[in-house]
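See structure below.
Values reported hereafter were calculated over all heavy atoms of this structure, with side chains retained and with hydrogens, waters and symmetry mates removed. Convention: sequence-line order gives letters A, B, ...; per-chain numbering from 1. Note that this is a predicted model, so its numbers are computed, not measured.
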Amino acid sequence: MIVDPAPEIATMQRTVSTALDRIVADLRRGKVGTQGLLIVLAMLVVAFSLRMPSTFPRLTTLQAMMFQLPELGLLSLAMAIPLIAGGINLAVIATANAAGLLMAWILTALMPAETVGGTEVLWLLAALAAGLALCIVVGALTGLMVARLRVHPILVTLGTMTLLHGLSIYFTRGRTLSGFPDLLLHVSNDTVLGVPISFILFVVVAGFVHVLLTRTALGLRIHMMGSNLESTRYSGVDTSRVLVLVYVLSSVLCFLASVVMMARFNSAGADIAGFYLLITILAAILGGIDPYGGFGRIGGLFVALWVLQTVASGFNLMNISPQLALASWGFILLLVMAAKRVAAAWQSRPRG
Amino acid sequence: VASWVSALFGRTEAALAVAIVITATIFSLASPYFLTAPNLVDLLEAYSVTTILAAGVFVVLVSGGIDVSFTATASATQYLAAYLVTTQILPPVPALALAAALGIMMGAVNALLTHFLRVASIIITIATSSIYYALLIYITDAQEIYNLPDWWSNRLSFFRYETADGDIVKVTLPIVVMVVVLGLTHYLMNHTRIGRQVYALGGNPEGAARIGIGILRVQIFAYGHLGLLAAVAGFIQAGRVHQAVPTALNGQELNVLAVAILGGASLVGGVGSTGGVVLGVLFLAMLQNGLNLLGVSSYFFGVVIGLAILTSVGMTSFAERHARRRRVRRAE
């Protein structure tokens, strides 16, 4: 039996044309936000699926992407919060690696080799607590320096980045530490109903950060501070306290990223994931976070991460060099910026 | 005393000079080898590439921008020159000229994108650096070029001198190029119209535009200058390590930025001097070398740079606040 496809095509056309109308309307109002990015994502998925119908639109592809997304995702969240607050944290990777090394050192050098069962769990918890404590201290000190010195966080975090990386190199002599308890490795390699645990962790954390930024007083203050630090101070907000909290939050997200990275690579080192630093900024800005502070949604960042991951996975399946995926990330960022520019020019055009 | 302190620390360059004199005294007391000609000349040569890059970055910082793509430019131009020369497509001089032109062009692309997209230059250069690097590694397949011709990898020395204990002091090409680059940059920034316009743009973009300075022209100058110096640094670096590698300077961009900032260039633009760049490099070079001579592990050096950056940031902030307080008091 052959079903007449005409009504379905008509419905589809209607849906597409309403969607297009909405996009054009948004563009006219100078808005190229999450919708624009969602369209890019949809186009990428469709293009890759048409190109590789037998390999790309598969659950295994989706699962592979879910395995790879959390580390860059958590690090980008760690970058996004200071950016929204009008700052930046160049030390995200260095913090994550330092915490990873501390935890790795506890698990490989301090923990006796034959530890099993309950004792192993205790050791693991102790290591995690130490890593978390280190990140909180780093974040609090960074926040205090940014607040007290009143210099741009680029400078402060350039310093903390160099210092933390230097300490990691000094204590490890540039070596990597590996061989962690299986318990920790489960974090990255196990799945629940097919979804990797690390991905669930990332989604929960991203949801938490979203709620924190949009539904709490602290989130409002972070946005206000990103728009105008001085007027926020004059309106009675303890900006020093908020700054400390911003960098503590950022560092705690680095801690979570370091746990995911340790579990995924089964190793920790001073130079792991170094090239992610600029990519986290790229992801945040692609997701619509204003690099000058004050504006940005975690939802946008989430979509941006999927765009980057789709390009990477699609290119990988097509056997295209990962280098070209990186290059196209750069192109996508420039294209989105150009689209915003055109939209802004269209909005402010002379009207007669 | 307070006014003396703030006068001294008000200029980062002056504070750095004092810090350099103090460290130099300590190290020369601790190690007799420290203040010897061979050691200092080796030091200069080791830091020539960083200094040339920092001289370029400093101009972009003064213009109020920031650039993290210059290491990609240095690697790309270095590779292009090495490829053209080793395959003998072009004789040396046109090959180097073409590589330099590529460097200027890559810089100009950053300026054009920053100007027309009206986006912070850090974002543009993050995007372009990932594009430049990725394309470079893709095109070259990450293959090194080893067989550089002798004129490139043999260290040309302009001046040779043997000390009493038989140590040889050689003033080599990297040192000469570094001095020339610093001299020219200093001249351009202080004694030409375009150089002063860079300061004007960085100090007050709106004001600069109002008095009729062509913003785009100044930006193309600043980023193009950095692109050209990146090409020069890439050329020197390849000669020093006897090979051209597509990832030659990958990851160095923040270190070079740190040097320029340590030397007093401000991230908000309008402030900085070539002298400051020299002092910044000198300070870090002396710290590294001195600690080495004292037998401190070279692995410790990252910690020292980090502390130096944080200290300098703290001191600048202290000086600024002190100066502001003094102005307020005078006004009252």
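Within the model, atoms OG1 of A:Thr142 and CG of B:Leu310 stand 8.5 Å from one another, a figure rounded to the nearest 0.5 Å. B:Ile126 CD1 to A:Leu334 CG: the interatomic distance, rounded to the nearest 0.5 Å, is 11.0 Å. A:Leu167 contributes atom CG, which lies 15.5 Å from atom OH of B:Tyr299 (distance to the nearest 0.5 angstrom).
Residues of residues 152-163 of chain A having a heavy atom under 4.5 Å from any heavy atom of chain B, listed by number: A:Ile154, A:Leu155, A:Val156, A:Leu158, A:Gly159, A:Thr160, A:Met161, A:Thr162, A:Leu163.
Heavy atoms from other residues, nucleotides or ligands lying under 6.0 Å from CZ of A:Phe331 number 12 at most. Residue-environment remark: CZ (A:Arg233) exceeds the threshold of 12 foreign heavy atoms within 6.0 Å.
Contact of B:Phe116 with chain A is made through the backbone alone, with heavy-atom distances under 4.5 Å. Contact of A:Leu164 with chain B is not made at all, since no heavy-atom distance falls under 4.5 Å. Using a 4.5 Å cut-off between heavy atoms, A:Ile285 touches chain B through its side chain atoms alone. Interface residue B:Ile309: only side-chain heavy atoms are found under 4.5 Å from chain A. Contact of A:Ile281 with chain B is made through the side chain alone, with heavy-atom distances under 4.5 Å. Neither the backbone nor the side chain of B:Leu136 comes within less than 4.5 Å of any heavy atom in chain A. Contacts of B:Val68 with chain A are made by side-chain atoms alone, with heavy-atom separations under 4.5 Å and no backbone atom involved.
Minimum heavy-atom separation, B:Ser130 to A:Gly330: OG-CA, 3.7 Å. Between B:Val303 and A:Gly166 the shortest heavy-atom distance is CG2-C, 3.4 Å. Smallest separation of non-hydrogen atoms from B:Gly314 and A:Leu149: CA-CD2, 3.9 Å. Scanning all heavy atoms of the two residues, the minimum distance from B:Ile131 to A:Ala327 falls at CG1-O, 3.4 Å.
Partners of A:Ser321 under the side chain to side chain contact (heavy atoms under 4.5 Å, CB included) rule, at least two apart in sequence or in another chain, are A:Gln323, B:Tyr138.
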Compile the donor-acceptor pairs under 3.5 Å between side chains in residues 282-292 of chain B and protein atoms, sequence neighbours left out, one pair per line.
unit_1	atom_1	unit_2	atom_2	d
B:Gln288	OE1	B:Tyr47	OH	2.3
B:Asn289	OD1	B:Asn39	ND2	2.8
B:Asn289	ND2	B:Asn39	OD1	3.2

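Among B:Ala127, B:Ala134, B:Ala308, B:Gly302, the residue with the largest count of heavy-atom pairs under 4.5 Å with chain A is B:Ala134.
For residues 308-319 of chain A, every residue pair satisfying the side-chain hydrogen bond (donor to acceptor under 3.5 Å, both in side chains) rule, not counting sequence neighbours, is listed here: A:Gln68-A:Gln309, A:Gln309-A:Ser313.
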